[in-house]
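Notes for the one structure printed next.
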Amino acid sequence: MQRLGLVGLANAGKSSLFNALTGGHVPVAAHPFSTVETSVGVAPLPDARLEALAELSHSAKVVRAGVEFVDIAGLVAGSAAGEGMGNRFLAGIREVDALVLVLRSFVDDAVSGPDDPLDSLETLELELVLADVASLESQSEKRRKQARLKGDTDLAAEADAIDAAMDVLQAGVPLFRSSIDPAVRARLHNSFLLTNKPVLAVVNVGDDQLDDADDRVAPVAAHLGEAGEAIAVCVQLEAEAARLDASERAELLEGLGLGQGVVPRVARAAFDLLGLRTFLTTGDKESRAWIFRAGALAPECAGVIHSDLQRGFIRAEVIHWDELLELGGWNAAKAAGKLRVEGKDYPVKDGDVLEIRFNV
């Protein structure tokens, strides 16, 4: 499962957002560094398609897809030089696949810390950039020496990519916001750079800022440009709602005009950020959403279910979820000749319902 790290300055609301997303119980306090240990939890991905198929199939069990979130110790200016929880903070970020930058907008005199989300974003970017510069120093020359000794053109290309990254980073620009070619960035994979990860920004607004939430997000969105999405969330309300049972939570969120709440919005945005999609299986025993990478072929998706299905893949019977729902079930779709038979070169699409034929 892919991991997303919640990253932010002290008292930005990371732990409260983590609790709201995952149902966790990480301690929350109004002082810095109430989070000193990394916490990991899974946010289930709400999926109306799956619920509809489960009802159609009278499934005894429903298994949703999920996204793993990591609550990382808060950052302060100087973290890259070891200030605050610096080293622990940086180690936590290196282990995740994408970053969710939590930026405080709410104003509360009882809670220390900055409340300008754009300033917070710029501080976060600077610390990540400084950490990457320190990490890359001397790496280029090492790669070039190895390339000369081994005659390895891949290592030489990696050294060129490191030089290109250093030019950008030393100008104060994180790689996720740079114009470096994606193919060049891909060569930096072995360098484990913090700013080479996909980014989602969550602006934590106060309940008194909900009416102008778009204005609070706009400067952050403009700063990120095409590099990442920015969304507004009232984390305090979401965390309070997460402690209620399902019916009370839905009533509270609806009454506040928050719809389904933060989980669908952040989890879906995070899912898309990682380039993930879901295919579905359904039957009387179980309806389930399976995670795969966009563009994956049918055998690879079969392997998500079980390695034997990929190894012995023969074909997949496929229908899109909405067509299956309209026809009234698998047997009805088969009788109507609507099930497509797809082979090993079929790129599975989000929302496909699959039945795998295999022989081992």
Considering residues, nucleotides and ligands other than Glu300, do more than 12 of their heavy atoms fall under 6.0 Å from its CD? no

Search all heavy atoms of Pro46 against all heavy atoms of Pro44 and return the closest pair with its distance. CD-O, 3.2 Å

Taking 4.0 angstrom as the limit, do Asp212 and Arg216 come out as a salt bridge? yes

How long is the straight-line distance from CG of Asp284 back to CG of Leu56, given to the nearest 0.5 Å? 11.5 Å

What residues, two or more places apart in sequence or in another chain, satisfy side-chain hydrogen bond (donor to acceptor under 3.5 Å, both in side chains) together with Glu238? none

Taking only residues two or more places apart in sequence or in another chain, which ones pass side-chain hydrogen bond (donor to acceptor under 3.5 Å, both in side chains) with Arg340? Glu342, Tyr346

Closest non-hydrogen atoms of Ser178 and Val168, given as atom of the first, atom of the second and distance, are CB-CG1, 3.6 Å

Is there any salt bridge (Lys or Arg N to Asp or Glu O under 4.0 Å) pair reaching into residues 351-360, and which pairs are they, with sequence neighbours excluded? Glu317-Arg357, Glu355-Arg357

Please tabulate, one pair per line, all N/O donor-acceptor pairs under 3.5 Å involving side-chain atoms of residues 319-326, not counting sequence neighbours.
| from | atom 1 | to | atom 2 | distance (Å) |
| --- | --- | --- | --- | --- |
| His320 | ND1 | Asp322 | OD1 | 2.8 |
| His320 | NE2 | Asp350 | O | 3.2 |

Would you confirm whether Gln139, through its side chain, and Ser135, through its main-chain N or O, come within 3.5 Å as a donor-acceptor pair? yes

Against the six-membered ring of Phe106, is Arg104 placed for a cation-pi contact (under 6.0 Å from the centre, within 45° of the normal)? yes

Atom of Ile291, atom of Ala65 and distance for their closest heavy-atom approach: CG1-CB, 3.7 Å

Donor-acceptor pairs under 3.5 angstrom involving side-chain atoms of residues 197-209: please list them, not counting sequence neighbours.
| from | atom 1 | to | atom 2 | distance (Å) |
| --- | --- | --- | --- | --- |
| Lys197 | NZ | Val96 | O | 2.6 |
| Asn204 | OD1 | Val235 | N | 3.2 |
| Asn204 | ND2 | Ala12 | O | 2.9 |
| Gln209 | OE1 | Ser105 | OG | 3.1 |
| Gln209 | OE1 | Gly206 | N | 2.9 |
| Gln209 | NE2 | Ser105 | O | 3.0 |

Whether Glu158 and Arg187 form a salt bridge (side-chain N of Lys/Arg under 4.0 Å from carboxylate O of Asp/Glu) is what I want to check. no

More than 12 foreign heavy atoms under 6.0 Å from NZ of Lys349: is that the case here? yes

Whether the side chain of Ser307 engages the backbone of Gly303 through a donor-acceptor N/O pair (distance < 3.5 Å, no angle test) should be reported. no

Can you see whether Ser57 engages Thr282 through a side-chain donor-acceptor pair at a distance of less than 3.5 angstrom? yes

Salt-bridge present (Lys14, Asp71; N to O < 4.0 Å): yes

Does Asp132 reach the main-chain N or O of Thr195 with its side chain, forming a donor-acceptor pair under 3.5 Å? yes

Identify the two heavy atoms, one from Arg185 and one from Leu175, that lie closest to each other, and give their separation to 0.1 Å. NH1-O, 3.4 Å

Using the test salt bridge (charged side-chain N to carboxylate O under 4.0 Å, His left out), find all partners of Asp160 that sit at least two apart in sequence or belong to another chain. Arg144

With sequence neighbours left out, what residues match Val63 under side chain to side chain contact (heavy atoms under 4.5 Å, CB included)? Lys61, Glu286, Arg288

Does Arg177 pair with Glu125 as a salt bridge, N-O distance under 4.0 Å? yes

If the condition is salt bridge (charged side-chain N to carboxylate O under 4.0 Å, His left out), which residues does Glu95 pass it with, not counting sequence neighbours? none

Not counting sequence neighbours, which residues clear salt bridge (charged side-chain N to carboxylate O under 4.0 Å, His left out) with Arg277? List them please. none

To the nearest 0.5 Å, what is the distance between CG on Leu103 and CD on Glu122? 10.5 Å

Please assess Ile93 against Leu128 for the test side-chain contact (heavy atoms from CB on, under 4.5 Å), listing each intermediate value before the final yes or no. CA-CA 10 Å; Ile93 296 179; Leu128 297 175; 3.8 Å; yes

CG of Asp163 to CZ of Arg143: how many Å apart, nearest 0.5 Å? 11.0 Å

Just checking, any donor-acceptor pair under 3.5 angstrom between side chains of Thr281 and Trp290? yes

With sequence neighbours excluded, residues passing side chain to side chain contact (heavy atoms under 4.5 Å, CB included) with Pro114: Leu9, Ser120

Is there a donor-acceptor pair closer than 3.5 Å between any side-chain N or O of Arg293 and the backbone N or O of Leu274? yes

Taking only residues two or more places apart in sequence, or in another chain, which ones meet Phe292 in a ring-ring contact (aromatic ring centres under 6.0 Å, His included)? Phe279

Just jot down the salt bridge (charged side-chain N to carboxylate O under 4.0 Å, His left out) partners of Asp47, sequence neighbours excluded, or say none. Arg49

